[in-house]
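Worksheet: the structure to be examined is printed underneath.
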Amino acid sequence: MGEEKAKSAGVWTTVKPLVNAGASGMLATCVIQPVDMIKGLSAGLLRQATYRTLPGAIGASVGSPVDLALIRMQADATLPAAQRRNYTNAFHALYRITADEGVLALWKGVGPTVVRATALTMGMLASYDQSVEFFKDTLGFSGASTLVGASAVFGFFGSACSLPFDYVKTQIQKMQPDASGK
């Protein structure tokens, strides 16, 4: 019995950072959601649950269908009423995309999605340590001030590095098949 308890504690130790990352991303989405009303909450939460619980390119690949649903839900609201699909939630969007375009359509734009995630991570990692050092050593900040300042800087650089890829990814994911299915 003690061995089983030790194994389950080992599993929890392994998955705990992934669960924490997913939960924190979902909490952030709930806080931001009222500000960003055109995005679907269900799609945003599902996206955070898939993206944040898996590292980098793996998370972007696995989460790409949910990201597609989020983009499609956003775009749907901007279409003329006759062209809207009127998605009710992320699961409905995923179902409709699969039914209308096939299962492989769920990974439309996966290449730019992976490149975007990589560029975002690269921009954040490349700037965070330098920012902490700058705020501590050059400006003499400490504790929370350093954390907030460095977070703002790495958030800016992560966004700046990923924005071109985000634009391409979004344009590809918003595309709808024409009458011939292309």
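Within the 4.5 Å cutoff, no side-chain heavy atoms of Val19 are placed close to those of Lys16. Side-chain atoms of Lys169 and Ile71, non-hydrogen and from C-beta on, do get closer than 4.5 Å to each other. Looking at Met175 and Gln171, their side chains never come closer than 4.5 Å, going by heavy atoms from C-beta outward.
Among residues two or more places apart in sequence or in another chain, the side chain to side chain contact (heavy atoms under 4.5 Å, CB included) test is passed with Val115 by Phe165. Taking the side chain to side chain contact (heavy atoms under 4.5 Å, CB included) definition, one finds that Thr98 meets it with Val103, Leu106, sequence neighbours left out. Every residue meeting the side chain to side chain contact (heavy atoms under 4.5 Å, CB included) condition with Ala105, not counting sequence neighbours, appears here in chain and number order: Ile97, Glu101.
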Name the atoms and distances for all side-chain donor-acceptor pairs under 3.5 Å in residues 129-146, with sequence neighbours left out.
residue : atom : partner : partner atom : Å
Ser131  : OG   : Ser127  : O            : 2.6
Thr146  : OG1  : Phe141  : O            : 3.4
Thr146  : OG1  : Ser142  : N            : 3.4

Using a 3.5 Å cut-off and no angle test, enumerate the donor-acceptor pairs between side-chain atoms of residues 80-87 and protein atoms at least two apart in sequence or in another chain.
residue : atom : partner : partner atom : Å
Arg84   : NE   : Asp76   : O            : 3.4
Arg84   : NE   : Leu79   : O            : 2.7
Arg84   : NH2  : Ala77   : O            : 3.4
Arg84   : NH2  : Leu79   : O            : 3.0

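Hydrophobic cluster membership is shared by Leu94 and Leu68, with clusters built from Ile, Leu, Val, Met, Phe, Trp and Tyr side chains linked at under 4.5 angstrom.
Shortest non-hydrogen contact noted between Ala60 and Val114 is CB-CA, 3.9 Å. Contact detail for Val62 and Pro65: the closest heavy-atom pair is O-CD, 3.3 Å.
Judged by distance alone, with hydrogens and angles left aside, the side-chain atoms of Arg72 form no donor-acceptor pair with the main-chain N or O of Ala90 at under 3.5 Å. Within the 3.5 Å criterion, the main-chain N or O of Ser61 finds a donor-acceptor partner in the side chain of Trp107.
In this structure, Val148 stands alone, with no Ile, Leu, Val, Met, Phe, Trp or Tyr side-chain heavy atom under 4.5 Å from its own, directly or through other members.
Sequence neighbours left out, the pairs with a member in residues 109-128 that pass ring pair (Phe, Tyr, Trp, His ring centres under 6.0 Å) are Tyr128-Phe154.
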